[in-house]
Amino acid sequence: MELVAGCYEQVLLGFATRPGQSWTVVPDFTHHAHTASLSAVAVNNRYVVTGSRDETIQIYDMKKKIEHGALLQHNGTITSLEFYGTAHLLSGAEDGLICIWNTKRWECLKSIKAHKTWNLVEGRSAFIKNLKQNAHIIKWSPDGEKYVTVIANKVDIYRLDTASITGTITTEKRISSLRFITDSVLAIAGDDEMIRFYSCDSQKCLCEFKAHENRIKDIYSFEREGQHVIVTASSDGYIKMWNLDLDKIRDGPSLLCEVNTKARLTCLAVWLDQASEMKENSDKTASSSQETEDEKSSIARINKDFWTTKRVKIAKRKRKNIQEKQKVEAPVQKKKKKQNSSA
């Protein structure tokens, strides 16, 4: 697992993270990625891509830990990067274009005008929703049944089937980052030190807590073995990882680990090494299987010892009974012998 973060200093930072009872974070790499500050980062199962104010997208092969090349289609700051599965990358920029890239040959398959939702199979507009103001963040829920738009400090929640607003969340500060934790829970951060969890259904704040000493620039989240992990990056230079128990969400998350990057962070993502995860799970399964076998062997030894001990006890009891019987019968036999001799 690798935390990857971009910063104003034009550098991509990588931190190797080891999950466990005590999570650890250690510096892994730094790469002078661009000639201007980084503005976006995205990951899939193999690659990390970064976007910058220098109008380029840089690609990194995380399996080989090498720079893979650059994409030069946009004119303007790269504002958004998102992988769709493993085969496609979508990029957006201030030039108003959405580019769709093939991740095998890294070719631009299509370049379409933004500010519309598109049917990517046919390359035509599938749906248009007019907004009164420009939204600087748009996010879809994991199930795809709702989406949210962020304008300054206001979040509007839309249902896809009706295209109507089902609720609105308003915060005191401008919102800088937003993330769906589940289909019904939103994590929202803004120009302050707080993170707030909201219910999409009731629009009520479920929990708020101070996460950093300065404004929060980005939130990332993922689920690992049923554990919801929240990752936050702040202008204070820290990246922090939190464990969120949804059943106790009102108590807030607990801190897993943190690292001081000493940089002015702008964007964040987490690259999950699926091969290592699979190996770790395989090792756990093998370990669990070995523990089961050891437990069975232990039980067998205990049973063997039990029955051996029981047989020994029975044999001792029999010997004791025979000895006691012999003690009782001995005087009688002597008496009979004495009577026979008198006769």
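Worth knowing before you read on, the calculation uses all heavy atoms, side chains too, and leaves out hydrogens, waters and symmetry mates.
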Open item on the list: When you group the ILVMFWY residues by side-chain heavy-atom contacts below 4.5 Å and let the links chain together, are Phe83 and Val48 in the same group?
Closed with: no
Task: Thr103 side chain near Thr86 side chain, heavy-atom distance below 4.5 Å - done: no
Task: Hydrophobic cluster membership, Leu256 vs Trp271, 4.5 Å side-chain cutoff - done: yes
Task: Beyond-backbone contact of Val148 with Ile138, side-chain heavy atoms, under 4.5 angstrom - done: no
Task: Minimum heavy-atom distance between Gly6 and Leu38, given as atom pair plus value - done: CA-CD2, 3.6 Å
Open item on the list: Can you confirm whether Gln203 is buried at CD, in the sense that more than 12 heavy atoms of other residues, nucleotides or ligands lie under 6.0 Å from that atom?
Closed with: yes
TODO: Decide whether His34 and Thr50 meet the rule of one side-chain donor and one side-chain acceptor closer than 3.5 Å.
DONE: yes
Open item on the list: As an exercise, state the distance from CD1 of Ile78 to OG of Ser80, rounded to the nearest 0.5 Å.
Closed with: 10.0 Å
Open item on the list: With side-chain contact (heavy atoms from CB on, under 4.5 Å) as the criterion, how do Ile157 and Ile165 come out once you've worked through the C-alpha distance, each side chain's angles and the decisive distance to 0.1 Å?
Closed with: CA-CA 5 Å; Ile157 304 168; Ile165 296 176; 5.7 Å; no
Task: Side-chain (Ser52) to main-chain (Ser37) donor-acceptor, under 3.5 angstrom - done: yes
TODO: State the OG1-CZ distance between Thr30 and Phe15, to the nearest 0.5 angstrom.
DONE: 9.0 Å
- [ ] For the residue pair Met1 and Arg224, establish whether any side-chain heavy-atom pair is separated by less than 4.5 Å.
- [x] yes
Open item on the list: Is it true that, when you exclude Arg53 itself, more than 12 heavy atoms of the residues, nucleotides or ligands shown sit nearer than 6.0 Å to its CZ?
Closed with: no
Task: Interatomic spacing from CZ in Arg196 to SG in Cys205 - rounded to 0.5 Å - done: 6.5 Å
Open item on the list: The test is side-chain hydrogen bond (donor to acceptor under 3.5 Å, both in side chains); show your working for Thr168 and Asp156 and say whether it passes.
Closed with: CA-CA 5 Å; Thr168 298; Asp156 287 328; 2.8 Å; yes
- [ ] Write down the atom of Arg215, the atom of Ser234, and the distance for their closest heavy-atom approach.
- [x] O-OG, 2.9 Å
- [ ] Return yes if some donor-acceptor pair links the side-chain N/O of Asn243 with the main-chain N/O of Val229 below 3.5 Å, else return no.
- [x] no
Task: Any donor-acceptor pair under 3.5 Å from Ser199 side chain to Ser202 backbone - done: yes
Task: For the student: nearest non-hydrogen atoms of Ile175 and His136, plus distance - done: O-NE2, 2.9 Å
Open item on the list: Please check: side-chain N/O of Ser141 versus main-chain N/O of Tyr147, any donor-acceptor pairing under 3.5 Å?
Closed with: no
TODO: Report the hydrophobic cluster partners of Leu109, with the cluster defined as I, L, V, M, F, W, Y residues connected by side-chain heavy atoms closer than 4.5 angstrom, directly or transitively.
DONE: none
- [ ] Mark yes when over 12 heavy atoms from residues, nucleotides or ligands other than Phe180 sit less than 6.0 Å from its CZ; otherwise mark no.
- [x] yes
- [ ] Could you label the plane-to-plane angle of the Tyr47 and His68 rings as parallel, tilted or perpendicular, counting under 30° as parallel and over 60° as perpendicular?
- [x] tilted
Task: Sidechain N-carboxylate O distance under 4.0 Å for Asp236, Lys240 - done: no
Open item on the list: Whether the Ser91 and Trp101 side chains hold a donor-acceptor pair (N or O, under 3.5 Å, no angle test) is what I'd like checked.
Closed with: yes
Task: Donor-acceptor under 3.5 Å (Asp95 side chain, Asn75 main chain) - done: yes
TODO: Start with the C-alpha gap between Phe209 and Asp251, add the side-chain angles, then the distance that decides, and say whether side-chain contact (heavy atoms from CB on, under 4.5 Å) holds.
DONE: CA-CA 9 Å; Phe209 70 101; Asp251 297 336; over 6 Å; no
Open item on the list: Are Tyr8 and Leu268 linked, directly or through intermediate hydrophobic residues, by side-chain heavy-atom contacts shorter than 4.5 Å (ILVMFWY only)?
Closed with: no
Open item on the list: If hydrophobic clusters are built by linking Ile, Leu, Val, Met, Phe, Trp and Tyr wherever their side-chain heavy atoms come under 4.5 Å apart, do Leu265 and Met241 end up in the same one?
Closed with: yes
Open item on the list: Classify the ring geometry of His212 against Trp242: parallel below 30°, tilted from 30° to 60°, perpendicular beyond 60°.
Closed with: perpendicular
Open item on the list: Would a single hydrophobic cluster contain both Val270 and Trp23, if residues Ile, Leu, Val, Met, Phe, Trp and Tyr are joined by side-chain heavy-atom contacts under 4.5 Å?
Closed with: yes
- [ ] Give, for atom CG of Asp192 and atom CD of Glu208, the distance between the pair rounded to the nearest 0.5 Å.
- [x] 9.0 Å
- [ ] Work out which heavy atom in Cys200 is nearest to a heavy atom in Val185; give both atom names and the distance.
- [x] SG-N, 4.3 Å
Open item on the list: I'd like to know whether NZ of Lys210 has more than 12 heavy-atom contacts from other residues, nucleotides or ligands below 6.0 angstrom.
Closed with: yes
- [ ] Determine, stepwise, if the pair Asp61 / Ile59 fulfils side-chain contact (heavy atoms from CB on, under 4.5 Å).
- [x] CA-CA 7 Å; Asp61 187 327; Ile59 311 164; over 6 Å; no
Open item on the list: Keeping Thr261 on the side-chain end and Gly237 on the backbone end, is there a donor-acceptor pair under 3.5 Å?
Closed with: yes
Open item on the list: Can you confirm whether the side chains of Asn214 and Glu193 place a donor and an acceptor under 3.5 Å from each other?
Closed with: no
Task: Note: Asp161-Arg159 ion pair, threshold 4.0 Å (strictly below) - done: yes
Task: Any donor-acceptor pair under 3.5 Å from Glu9 side chain to Arg264 backbone - done: yes
TODO: Check whether any side-chain heavy atom of Tyr60 sits under 4.5 Å from a side-chain heavy atom of Val41, and report yes or no.
DONE: no
Task: Note, Thr17 side chain near Thr24 side chain (heavy atom, < 4.5 Å) - done: no
Task: Pairwise side-chain contact, Ile195 with Ile216, heavy-atom cut-off 4.5 Å (strictly under) - done: yes
- [ ] Of all the heavy-atom pairs spanning Leu97 and His74, show the shortest one and how long it is.
- [x] O-CE1, 3.5 Å
TODO: Given side-chain contact (heavy atoms from CB on, under 4.5 Å), test Gln73 with Ile57 step by step and report yes or no.
DONE: CA-CA 9 Å; Gln73 188 76 11; Ile57 300 169; over 6 Å; no
Open item on the list: Ignoring hydrogens and geometry beyond distance, is a side-chain donor-acceptor pair present between Ser177 and Asp218 at under 3.5 Å?
Closed with: yes
Open item on the list: Quick one, Val231 and Leu3 - any side-chain contact, counting heavy atoms below 4.5 Å?
Closed with: yes
Open item on the list: Using 0.5 Å steps for rounding, measure from the CD atom of Glu55 to the OG1 atom of Thr35.
Closed with: 9.0 Å
Open item on the list: So, taking the atom named CD in Glu223 and the one named CG in Leu244, what distance separates them when rounded to the nearest 0.5 Å?
Closed with: 10.5 Å
- [ ] Answer whether the closest heavy-atom distance between the side chains of Thr149 and Tyr158 falls below 4.5 Å.
- [x] yes
Open item on the list: Quick check: closest heavy atoms across Tyr84 and Leu90, and the distance to 0.1 Å?
Closed with: CB-CD1, 4.0 Å
